[in-house]
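Right, one structure below, let's go through it.
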Amino acid sequence: MSANSIFSNLTAENTAAEISLILSADYMRKKTVILLEGEDDVKVFRFLVSDSVTLIKAYGASTTVDKFMPENFPDEKRVIGIRDKDYQTEKRFRRIFYCDYCCCEMMLVSDDETFERVAVNFYRGKLSSNKLRHEILSKLFYVSAVRLCSDRYHWGLRISDTDLSKIINPRVTPTRRSVINFVNAYNPRNKIYEKRVRQIAAVRNTGKTEDYLEITNGHDFVEALLIYCAQSSSSSKRRSLTDKVLSGALRCSYSLSAFKKTRLYAELTEYGRQNGLIVTRE
């Protein structure tokens, strides 16, 4: 039996009311409510948490999780949140837990077996799964550095909903300048000027997979993976490939055994132990 889930789009008010109803019916005080950022996260975690957990999709973005918890359930130990870390450097509320690395997708991608399963099924190129993962992450480095700086310095750049195939493919390695030109084309009134260029240049490229995972946006990675898979596939298979197909494959390939190796699993399990709750699946 999987964890209970609520998929409807809720407002702040009826989210709080829904959670209150669940808690009031929990006479033994053994149930846990986990607030997640989106429906895809619910699909991932419903097979990783215990049957006494109810998963609720947040009514807004990750910032909503940060605000909702302290405003509505500041001291209720049975209500916790899980969200992408993105570029946060410190936790904003004690009962909000972060996925390993930058986001949920990167937590999934970081597991060797998970990514290998996806690569075997969709990629027809010559690279091994580990080399494929590293190459995509490294080619996304400057895009990730721009994202990090845009978040850190509040630039408000449009980086999502762009065509990454213009700068990333198996035959092209993007440079800092090509990525800046690419982003500037989508931000004609908010360009990356010289001071911003210097701030981007200060983001260190260690060349290590683990460091790339810490700053890479999940949607960017899936889009880049789609480019690699599509270019290595036949024209008939290429037409059926989408980012949603690859994202779904990552979720389906991720296992409980992989989750048990994460920091998030350890933190949730320890939280449950300290508060008399069973949060994670055994």
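In this chain, numbering begins with 1 at the start of the sequence shown.
- The CG atom of L35 sits 7.0 Å away from atom CD1 of I56, with the distance rounded to the nearest 0.5 Å.
- With a 4.5 Å cut-off on side-chain heavy atoms, I167 and Y142 do not count as touching.
- Side chains of S160 and R147: a donor-acceptor N/O pair is present below 3.5 angstrom, by distance only.
- Around the CD1 atom of I278, the shell of radius 6.0 Å holds no more than 12 heavy atoms that belong to other residues, nucleotides or ligands.
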message = Assess the residue pair F45 and L48 against the criterion (side chain to side chain contact (heavy atoms under 4.5 Å, CB included)); give the C-alpha distance rounded to whole Å, side-chain angles, the decisive distance to 0.1 Å, and a yes or no.
response = CA-CA 5 Å; F45 284 102; L48 305 177; 4.1 Å; yes
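- In the hydrophobic clustering of this structure, I136 does not group with V172; members are Ile, Leu, Val, Met, Phe, Trp, Tyr whose side-chain heavy atoms approach within less than 4.5 Å, directly or through other members.
- When side chains are defined from C-beta on, L225 counts as touching F115, because their heavy atoms get closer than 4.5 Å.
- Note: I215 CD1 to C149 SG = 9.0 Å, rounded to the nearest 0.5 Å.
- No donor-acceptor contact under 3.5 angstrom links the side chains of T114 and S253, judged on distance only.
- Between D163 and S165, the side chains place a donor N or O and an acceptor N or O closer than 3.5 Å (distance only, hydrogens not considered).
- R29 and R78 make their closest contact through NH1-NH2, 2.9 Å (heavy atoms, listed as atom of the first residue, atom of the second, distance).
- In this structure the side chain of T32 never reaches within 4.5 angstrom of the side chain of V79, judged on heavy atoms.
- Summarising the geometry of V42 relative to L55, their closest heavy-atom pair is O-CD1, 3.8 Å, with the distance given to 0.1 Å.
- Taken to the nearest 0.5 Å, the CZ atom of F221 stands 11.5 Å off from the CG atom of L226.
- Remark: side-chain polar atoms of H134 are not paired, donor with acceptor, to backbone N or O of K208 under 3.5 angstrom.
- Ring planes of Y228 and Y123: tilted class, angle from 30 to 60°.
- Side-chain contact of R176 with N181: a donor-acceptor pair under 3.5 Å is absent, judged by distance alone.
- By the rule that hydrophobic residues join a cluster once side-chain heavy atoms approach within less than 4.5 Å of another member, F182 and V197 end up as members of one cluster.
- Taking the six-membered ring where the residue is Trp, F73 and F68 present tilted rings, their angle falling between 30° and 60°.
- Annotation: the span from R251 atom CZ to K43 atom NZ amounts to 5.0 Å, rounded to 0.5 Å.
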request  = Would you please test E214 and E210 for side chain to side chain contact (heavy atoms under 4.5 Å, CB included) and show each step?
outcome  = CA-CA 7 Å; E214 291 285 0; E210 286 213 345; 5.9 Å; no
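- Distance CD1/I82 to CD1/I96: 11.0 Å, rounded to 0.5 Å.
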key: Verdict with reasoning, Y271 to F97, per ring pair (Phe, Tyr, Trp, His ring centres under 6.0 Å)   = CA-CA 10 Å; Y271 179 85; F97 298 86; 5.5 Å; yes
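- Put simply, CG on N187 and OG on S150 are 8.0 Å apart, with the number rounded to the nearest 0.5 Å.
- When side chains are defined from C-beta on, E105 does not count as touching T216, because their heavy atoms never get closer than 4.5 Å.
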key: Test salt bridge (Lys or Arg N to Asp or Glu O under 4.0 Å) applied to D75 and R94, step by step   = CA-CA 10 Å; D75 302 310; R94 62 188 182 280; 3.3 Å; yes
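- Tested against Y98, the residues K91, R263, Q88, E267 include a single side chain to side chain donor-acceptor pair (under 3.5 Å) partner, Q88.
- Side chains of N205 and Y212: a donor on one and an acceptor on the other come within 3.5 Å.
- Contact annotation: the side chain of M106 approaches that of L137 to within less than 4.5 Å [non-hydrogen atoms, C-beta and beyond].
- Scanning all heavy atoms of the two residues, the minimum distance from I80 to V279 falls at CD1-CG1, 4.3 Å.
- A 6.0 Å sphere centred on NZ of K260 holds more than 12 heavy atoms belonging to other residues, nucleotides or ligands.
- The environment of CD in E282 is sparse: at most 12 heavy-atom neighbours from other residues, nucleotides or ligands sit within 6.0 Å.
- Residues Q231 and R171 have side chains that bring a donor and an acceptor to within less than 3.5 angstrom of each other.
- Contact check for L21 versus L23: no side-chain heavy atoms found under the 4.5 Å cut-off.
- Within 6.0 Å of CD on E135 lie more than 12 heavy atoms contributed by other residues, nucleotides or ligands.
- Around NE2 of H219, the count of heavy atoms belonging to other residues, nucleotides or ligands within 6.0 Å does not exceed 12.
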